[in-house]
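These values consider heavy atoms only, across backbone and side chains, with no hydrogens, waters or symmetry-generated copies.
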Amino acid sequence: MSAATTPLPGALAGLAPLLDHYGYLAVALLVLLDNCGIPVPGQTILILAAVYAGSGHLDLAAVLAIAATAATLGNALGYLVGRTGGRAFVHRWGRYVLLTPARLERADGFFARQGGKVVTVARFVDGLRQYNGVIAGTTDMPWRRFAVFNLLGALLWTAVWGTFGYVAGANIGTVYRTAIRYQLWFAVGLGLLVAAFLLRQVLRYRRRRRADGGGANGGGPGGGSTDGPDGSDGAPAGAPDGGANDGPEQAGQRSGNTCGTSSPGSPPRGGRTGRARTGGAAGG
């Protein structure tokens, strides 16, 4: 098999002249851009380079090493973009794409729990491959944790597609047409998985809201109180205890008792009045 005489299907045929002229440099550049947020056919040229390696035109080990390095660096650049300006961008423009601060906070929590899995698997999904580094940086995923899973994902991605292209070899046309035929079913299956995941998240969110609402309204029948706003027992402010329902006679008795009672250590009110009267008589 030679790269020049073997018919290549679809997008592979369009990239063949680029790979013929620039070789490993084309692989490095397109894979790098594809992994840092720029939608170029990085995965396609990786497969094509592996096909070339199967025909002896390129070295498979060099193709895999260059692609893995470029993929790791590309995703790291995306992470730095998200870490330095992603959060400010979301706060400024996120509302136009329904990305509210509350949703960003939930994304932070999700990446804190599942970020490693997302970064590892995202390269196998178009769209996520281009932007998972940016998302990881925006959600403040720790750099060391990101770097480990970024390298792991790059190695897995290049190994899978590089091996696929190398093994397909002269049968790449047949394999490509079969893959296109089943691509729709794969997309449907992936869509169902995503829908199931989102439904699960929505149900969990609703259960959490109901639980929070039940805790806020705790007490139920008989568990409430008639306390006033300041924590008092509901009696009018400034009213003497027990005097809210007294009749005129009880109120009079209480008033008399209050006036006739002096606090400890204070002179009797009657004595002071008597002395004032005596002084007045003497002065007269």
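- The environment of Phe124 atom CZ is dense: over 12 non-hydrogen atoms of other residues, nucleotides or ligands sit within 6.0 angstrom.
- For the pair Met141 and Arg83, the tightest heavy-atom approach, listed with the atom from each and the gap, is O-NH1, 3.4 Å.
- For the pair Ala68 and Thr158, the tightest heavy-atom approach, listed with the atom from each and the gap, is N-CG2, 3.4 Å.
- In this structure, CG on Asp59 lies 5.0 Å from OH on Tyr24, to the nearest 0.5 angstrom.
- Aromatic ring pairs are classed by plane angle as parallel below 30°, tilted from 30° to 60° and perpendicular above 60°; the pair Tyr79 and Phe146 is parallel.
- Both Tyr52 and Trp161 are members of a single hydrophobic cluster when ILVMFWY side chains are connected at heavy-atom separations under 4.5 Å.
- Side-chain atoms of Arg123 come within 3.5 Å of backbone N or O of Asn150 as a donor-acceptor pair.
- The backbone N or O of Gly133 sits less than 3.5 Å from a side-chain atom of Asn75, completing a donor-acceptor pair.
- Hydrophobic clustering (ILVMFWY, side-chain heavy atoms < 4.5 Å, transitive): Leu19 and Leu32 are in distinct clusters.
- Residues Ile66 and Phe164 fall within the same hydrophobic cluster, defined by Ile, Leu, Val, Met, Phe, Trp and Tyr side chains chained together at heavy-atom separations under 4.5 Å.
- Of all heavy-atom pairs between Ala70 and Ala28, the closest is CB-O, 3.5 Å.
- Residues Pro17 and His21 share a closest heavy-atom pair of O-ND1, 2.8 Å.
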Could you give me the CA-CA distance, side-chain angles and deciding distance for Trp157 and Val31, then say whether side chain to side chain contact (heavy atoms under 4.5 Å, CB included) is met?
CA-CA 11 Å; Trp157 179 69; Val31 170; 3.8 Å; yes

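- Of the N and O atoms on the side chains of Gln130 and Asp34, at least one donor lies less than 3.5 Å from an acceptor on the other residue.
- Under the 4.5 Å side-chain heavy-atom criterion for ILVMFWY residues, a single connected hydrophobic cluster contains both Leu29 and Leu12.
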Show your working on side chain to side chain contact (heavy atoms under 4.5 Å, CB included) between Leu30 and Leu18 and close with a plain yes or no.
CA-CA 11 Å; Leu30 290 186; Leu18 183 66; 3.7 Å; yes

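- To the nearest 0.5 Å, the span separating CG on Leu58 from CG on Leu64 amounts to 11.0 Å.
- Grouping the Ile, Leu, Val, Met, Phe, Trp and Tyr side chains by contacts below 4.5 angstrom, directly or via other members, places Val40 with Ile45.
- Taking CG of Leu80 as the reference point, atom CH2 of Trp143 lies at 6.0 Å (rounded to 0.5 Å).
- Note that OG1 of Thr72 and CG of Leu155 are 6.5 Å apart. Values are rounded to the nearest 0.5 Å.
- Counting heavy atoms from C-beta on, the side chains of Tyr166 and Val63 never come closer than 4.5 Å.
- Nearest heavy atoms, Cys36 versus Gly74: CB-O, 2.9 Å.
- Rounded to the nearest 0.5 angstrom, Leu46 CG and Leu15 CG are separated by 11.5 Å.
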